[in-house]
There are 2 protein chains.
Amino acid sequence: MVQVPRPGKAPTSADVARAAGVSRTTVSFVLNNVPGSGISEATREKVLAAVRKLGYSPNAGARALRAGTSNLVLYAMPRWPLGHTIHTLLERTRDALAERGLVLIVHGDRNLTGMEAARGWAELRPRAVIADSCRCTRESVAMLRQHGVHTVVLVGEEAVPYAPTVVFQQRRVGGVAAEHLVKEGHRRIAGIVPLGDLSEAGELRYAGLQDVADADPSLELTRVEMPFDHDRALAVARAWAASENRPTAVFAYNDEFAALMMRALRDVGLSVPGDVAVVGVDDTPLCELVTPRLTSVALHSTNFAEMHVKVLMEQLDRTLGDEPPVVPEHEPVLVRRDSA
Amino acid sequence: MVQVPRPGKAPTSADVARAAGVSRTTVSFVLNNVPGSGISEATREKVLAAVRKLGYSPNAGARALRAGTSNLVLYAMPRWPLGHTIHTLLERTRDALAERGLVLIVHGDRNLTGMEAARGWAELRPRAVIADSCRCTRESVAMLRQHGVHTVVLVGEEAVPYAPTVVFQQRRVGGVAAEHLVKEGHRRIAGIVPLGDLSEAGELRYAGLQDVADADPSLELTRVEMPFDHDRALAVARAWAASENRPTAVFAYNDEFAALMMRALRDVGLSVPGDVAVVGVDDTPLCELVTPRLTSVALHSTNFAEMHVKVLMEQLDRTLGDEPPVVPEHEPVLVRRDSA
DNA sequence: TTGTACGCGTTATCAA
DNA sequence: TTGATAACGCGTACAA
């Protein structure tokens, strides 16, 4: 049972020392396994027993205050919904950090950017910060460094000169899809941009389509803004059914939108991929479950996670002022099935 | 640009005081808006200017050390994969906490339980901890309280006497599905238990089927352990096609497993729901996208999130020793479509 | 209005 | 082996 030296207050190392009948110094030596501080096995045991008895857990704040650095690694929650990619990423990162005695913390603030965000992160004086590059300016990164954050790793569309960036291009997702469709001979392509939470990523992916269209004037791009809603999808499909120069292919924002469109297209009598080809994104299990099987752009979340962990670890090892870091690129890959 | 009073070290309130030409006390008064400490508008401005100039951000650890309590609320990352439910929950909780000046932190450790886990959480001396009830024992909760954690809110299958619990019954998910199937006249029901990450929740949902079967001896329950894999699904479907007393209904762990089974069943010539009815879980968009449309048990993540936030806020307001809290129940709801 | 001084919990240094 | 002491950054009671 947990003993209560001072009700409502957490036990301190002094409490442990008192309970074990030793000095605070001794407690500290035992708990931190300080080498070369000949502690007898007997006292060691006494101290550990007292720790267990009191349920002692060191105060991380005080420890960090004294040490000048914490063992926290702060991951700023990304703007887009938490999906499988993030899940894998967190899992791997946590494990890798745990091996070094570092603790992964996901910071909840999702609305603040730039200096505002950095100030909140800096309050915790973390060892490292991982954040979307779109939420970090040169100033905010400098601020973090100023606050003793040894490592800053960004994730985003493109590398910035002031911090190592793991490039993860939403934009290329659209590009890869468009390139495939062009190669298949499509000339009129529609791109879906979702409304709501997903619109930010949606714009980026659509911009990728636009990149390809800009390079090839014979392409005709149609932008379709749409919530995830069967009726809206039906309306779009109906319009296309009635039009003689409808798009011959549609890049849906993700696999779910793609499935939604496929259903709507079929509902109005258009065939997939015969009349309209469809490409999704994420390569989810859904792709195999719909008819026809869905062609999809894969983000390879496992690869991404590993790459991310690698960069983070390199940065943690790096002593301030080393050579600039590598910035891996992560190219999405088209997984071809039947729908396009 | 960020000024550097002492390179590599974060600016302190003393630095701010120096830069503003005032005392540390004054800085503190200004930053904490201490009432009744007549600070002239001029000095106020000077201090704030210095804060901006230095990029000062208070050391949360030191502040907590002094105050005896932090403004952190720790959410221990749940064991099962982060999905839409968790996403909504975090979003709502963060907003509600932000209104009180509290910061939501998601703690990465996912493998530790009981005392081990509690020790890690306690190190940060958070104001509140939210965790899966299955990772908390009576002792570990007592330990947290001992360490000044004012509020502990659990989420899990059933209420425990030592902490307020938001009841969220995976088990009832299976129960609700089974009750529906029984009402529809099914007597031989199969339940899928996924392998891997999802097995923990899978066992609970299957136990819900078992509850119903236990109460009705005429029911015949078949347990199917299965990874998410088309070939394995096909094998199961083939076996059923060849058997004269195959299950007439299958409770799939979630919508994706349900869709996988539906496809496999159709592939081997069995009709849905004619030969075999199928029920999924989560009421995802997928339900409307497959043929036939999928009947699913909905968890109503928005309701859940609101309920969760409500309980958390009540607990935060509660002064230690108040009356025991309400423990809302959250009943899953069957959304009927065509597949069962 | 402002400065001085103390203590929160840890750990490192130094002397015993 | 151990015990006293100082310092980390912050907030505040108290005195000026």
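Keep in mind that this is a model prediction, so the values were computed, not measured. Just so we're on the same page: letters track the sequence lines, and every chain starts at 1.
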Output side-chain donor-acceptor pairs under 3.5 Å for residues 60-70 of chain B, partner residues at least two apart or in another chain, one line each.
residue  : atom : partner   : partner atom : Å
Thr69(B) : OG1  : Arg127(B) : NE           : 3.0
Ser70(B) : OG   : Leu72(B)  : N            : 3.2
Ser70(B) : OG   : Arg125(B) : O            : 2.8

Whole Å only: how far is the [atom1] atom of [X] from the [atom2] atom of [N]?
X	N	atom1	atom2	answer
Asn71(A)	dT11(C)	CG	C1'	15 Å
Arg18(B)	dC10(D)	CZ	P	12 Å
Lys46(B)	dT1(C)	NZ	P	10 Å
Arg44(B)	dT2(C)	CZ	C1'	17 Å
Asn59(A)	dA7(D)	CG	C1'	16 Å
Arg125(B)	dG9(C)	CZ	P	9 Å
Leu124(A)	dC10(D)	CG	P	14 Å
Leu65(A)	dG9(C)	CG	P	12 Å

Report task. Return the set of residues passing side chain to side chain donor-acceptor pair (under 3.5 Å) with Glu158(B) (not counting sequence neighbours), or none when no residue passes. Result -> none
Requested in this report: Using the test side chain to side chain donor-acceptor pair (under 3.5 Å), find all partners of Thr85(B) that sit at least two apart in sequence or belong to another chain.
Outcome: none
Got a sec, which residues hit salt bridge (Lys or Arg N to Asp or Glu O under 4.0 Å) with [X], two or more places apart in sequence or on another chain?
X	answer
Glu91(B)	Arg110(A), Arg94(B)
Arg24(B)	none
Glu200(B)	Arg79(B)
Glu306(B)	Arg92(B)

Query - Sequence-aligned protein contact record of nucleotides 11-16 of chain D, with B where the base is within under 4.0 Å of a protein heavy atom and S where only the sugar-phosphate is - result: BBB---
Query raised in the report: Do Glu123(B) and Arg119(B) sit within salt-bridge range, that is, some charged N less than 4.0 Å from a carboxylate O?
Result: no
**Report entry** OP1 or OP2 of dT2(D) under 4.0 Å from side-chain N/O of Ser23(A)
**Finding:** no
Query - Upstream residue (5' side of DNA chain C) when Glu41(B) and Ser57(A) are each assigned their closest nucleotide - result: Glu41(B)
Requested in this report: Note the angle between the end axes of the helix from dT1(C)-dA16(D) to dA16(C)-dT1(D), five pairs defining each, rounded to 10 degrees.
Outcome: 40°
Query - Geometric class of the Tyr75(A)/His308(A) ring pair [parallel <30°, tilted 30-60°, perpendicular >60°] - result: tilted
